[in-house]
Amino acid sequence: METLEQLIDKNGLVFAFLLVGGLMAVSYWFSKYILRGKLPGAAIAITAALVLAYFGGKKGVADFPILAGMALLGGSMLRDFAIVATAMGASFSEIKKAGLAGVLSLLIGVVLSFILGGLIAFIMGYNDARSITTIGAGACTYIVGPVTGSAIGASSEVIAISIATGVVKTVLVTIATPLVAKKIYLNNPNSAMVFGGLMGTTSGVAAGLAATDPKLVPYGALTATFYTGLGALLCPSILYFLVQALV
Amino acid sequence: MKIYGVAILAGCYLLGQLIGSLLGVWLGIGGNVGGVGFAMVFLILANDQLRKRELLETKSEQGILFWSAMYIPIVVAMSATQNVKAAVSGGWVAIFAAVAVTLICFILVPVLSRIGQKRSIDP
């Protein structure tokens, strides 16, 4: 047993390949034979992974030493590398066509998320500009929240709430996207770019689109990747001043 | 050779990340602004140019396509390493705010996409 643990410890990434492969095989089987294709296999695999992550800690299942390799496979380096690789399937003319809508959706996505998040924070009893701004920023993504919070000096409790808001959004986008895709006409490169710009959570957008139609991943990821930067730029500056003026 | 494709991908990735980081410094917010997006644009352009000059062999291309296909498994691993406990325990503010934002943004997707498509039909 000890030998096995040492072996897995040394070969964490390889063990992660085996585990993810197994989880996907079970998920695709379940999708095909039990659900008869009503939910795509990728969506089931991602949802199952999120459920498993609940039993872990801060880094999900990777908090168990034996599963540490999952953090490497699912970490930002390989994730971004693979997202860039999906651009091989993207067409430049499609991107140009959706350019304006993409930029518009980015701006609207950040500002609208901020206002809605801040408004709900205000309704639920937070009435100082710092807390409202930080929670509003968390409604953008779980990176914009803490970046903004620490820039304007919010309390750590509020920063934790802002991170939680962003994480809930990521999880929701991941699970709900394949379910609502048809209703919101998310079936072409143009709407995928708009979707990426509005939602902004790179992980949620990428996972949600992967579960909906892998061909759309590069388009959504392309806009979403600018969202966090734009949010981190606007929230602690213009948007914070705006909240200060209103409160 | 497949490694040529992987090397092209790695080059585009690093160049994009470099520009993203420089942009972050320049804007004074640190971090990486759109690094992945820039990298994707570079890869699309490189792919376009190499294909026109017939410099990209099928085998090199397979090196890139492998990583593109690894995307979903990587996302599964990423999902398994999210802080889901924090998301659930963040309280009602976090849940209400996230649900409201996600819902409204979903509704806006078809509205904004229509603007984009109208433009392309009658310029």
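What's counted below: heavy atoms across the whole structure, side chains too, no hydrogens, waters or symmetry copies. All values derive from a computational prediction rather than experimental measurement. Naming convention: chains lettered A, B, ... in sequence-line order (proteins, then strands); numbering from 1 in each chain.
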Which bit of P218(A) comes within less than 4.5 Å of chain B, counting heavy atoms only: side chain, backbone, both or neither?
both

Report yes if the side chains of T228(A) and T201(A) come closer than 4.5 Å at any heavy-atom pair, otherwise no.
no

Heavy-atom proximity to chain B below 4.5 Å, by part of V180(A):
side chain

Note: vs chain A, highest number of non-hydrogen pairs under 4.5 angstrom among A69(B), G16(B), A100(B), A97(B) is A97(B)

Proximity breakdown for I104(B) and chain A, heavy-atom pairs closer than 4.5 Å
side chain

Atom CE in M77(A), atom CD in Q17(B): separation rounded to 0.5 Å?
11.0 Å

Does any heavy atom of chain A fall under 4.5 Å from the side chain of I8(B), the backbone, both, or neither of them?
neither

Looking at chain B, which one of A71(A), G117(A), S113(A), A62(A) has the largest number of heavy-atom pairs inside 4.5 Å, strictly under?
S113(A)

Can you tell which part of F81(A) gets under 4.5 Å to a heavy atom of chain B, answering side chain, backbone, both or neither?
both

F38(B) versus F226(A): any side-chain heavy-atom pair under 4.5 Å?
yes

As an exercise: rank D48(B), V99(B), V101(B), L108(B) by heavy-atom pairs under 4.5 Å with chain A and give me the winner.
V101(B)

Enter the distance from L9(B):CG to S68(B):OG here, rounded to the nearest 0.5 Å.
9.5 Å

Between L222(A), I184(A), V20(A), which shows the greatest number of heavy-atom pairs under 4.5 Å with chain B?
I184(A)

Quick check for you: among I163(A), V217(A), T47(A), L19(A), which has the greatest number of heavy-atom pairs under 4.5 Å with chain B?
V217(A)

Quick check: does any side chain N or O of S60(B) sit under 3.5 Å from a backbone N or O of G5(B), one acting as donor and the other as acceptor?
no

Hey, does the side chain of D63(A) reach the backbone of G56(A) with a donor-acceptor pair shorter than 3.5 angstrom?
no

Can you find a pair of side-chain heavy atoms, one from M40(B) and one from T86(A), that are under 4.5 Å apart?
yes

Out of I83(A), L116(A), L104(A), which one racks up the most heavy-atom pairs below 4.5 Å with chain B?
I83(A)

Applying a strict 4.5 Å limit to non-hydrogen atoms, the region of I135(A) in contact with chain B is side chain

Pairwise distance SG(C105(B)) to CD1(I108(A)) - rounded to 0.5 angstrom:
9.5 Å

If you measure from CG on L52(A) to CG on L23(A), what distance do you get to the nearest 0.5 Å?
6.5 Å

Please classify the contact between A16(A) and chain B as side chain, backbone, both or neither, with a heavy-atom cut-off of under 4.5 Å.
neither

Where does A176(A) contact chain B at under 4.5 Å (heavy atoms): side chain, backbone, both or neither?
both

Closest-packed option against chain B by number of heavy-atom pairs under 4.5 Å, given A206(A), C140(A), S76(A)
A206(A)

Quick check on the interface: out of L65(B), I107(B), V41(B), I72(B), who has the most heavy-atom pairs with chain A under 4.5 Å?
I72(B)

Applying a strict 4.5 Å limit to non-hydrogen atoms, the region of Y227(A) in contact with chain B is neither

Check this for me, if you would: do E61(B) and K2(B) make a salt bridge, where the nitrogen-to-carboxylate-oxygen distance has to be below 4.0 angstrom?
no

Spatial distance of atom CG (N187(A)) from atom CG (D213(A)) [nearest 0.5 Å]
8.5 Å

Distance col, row C12(B):SG vs L43(B):CG, nearest 0.5 angstrom, shows 4.5 Å

Which answer fits L67(A), side chain, backbone, both or neither, if we ask what part of it has an atom under 4.5 Å from a heavy atom of chain B?
neither

Heavy-atom contact with chain B under 4.5 Å, split by part of T177(A):
both

Which answer fits V51(A), side chain, backbone, both or neither, if we ask what part of it has an atom under 4.5 Å from a heavy atom of chain B?
neither

Examine distances only and state if a side-chain atom of T174(A) and a backbone atom of T170(A) form a donor-acceptor pair shorter than 3.5 Å.
yes

Measuring heavy-atom distances to chain B, does L50(A) have an atom under 4.5 Å in its side chain, in its backbone, in both, or in neither?
both

Considering only heavy atoms, which portion of M88(A) lies under 4.5 Å from any heavy atom of chain B: side chain, backbone, both, or neither?
both

With a 4.5 angstrom heavy-atom cut-off, is it the side chain or the backbone of I120(A) that approaches chain B, or both, or neither?
side chain

Counting only heavy atoms closer than 4.5 Å, note whether A10(B) contacts chain A via side chain, backbone, both or neither.
both

Compare all side-chain heavy atoms of F106(B) with those of F195(A) and state whether any distance is below 4.5 angstrom.
yes

Given side chains that start at C-beta, do those of S203(A) and R79(A) come closer than 4.5 Å, heavy atoms only?
yes

Check whether M70(A) gets within reach of chain B through its side chain, its backbone, both or neither, counting any heavy atom under 4.5 Å.
both

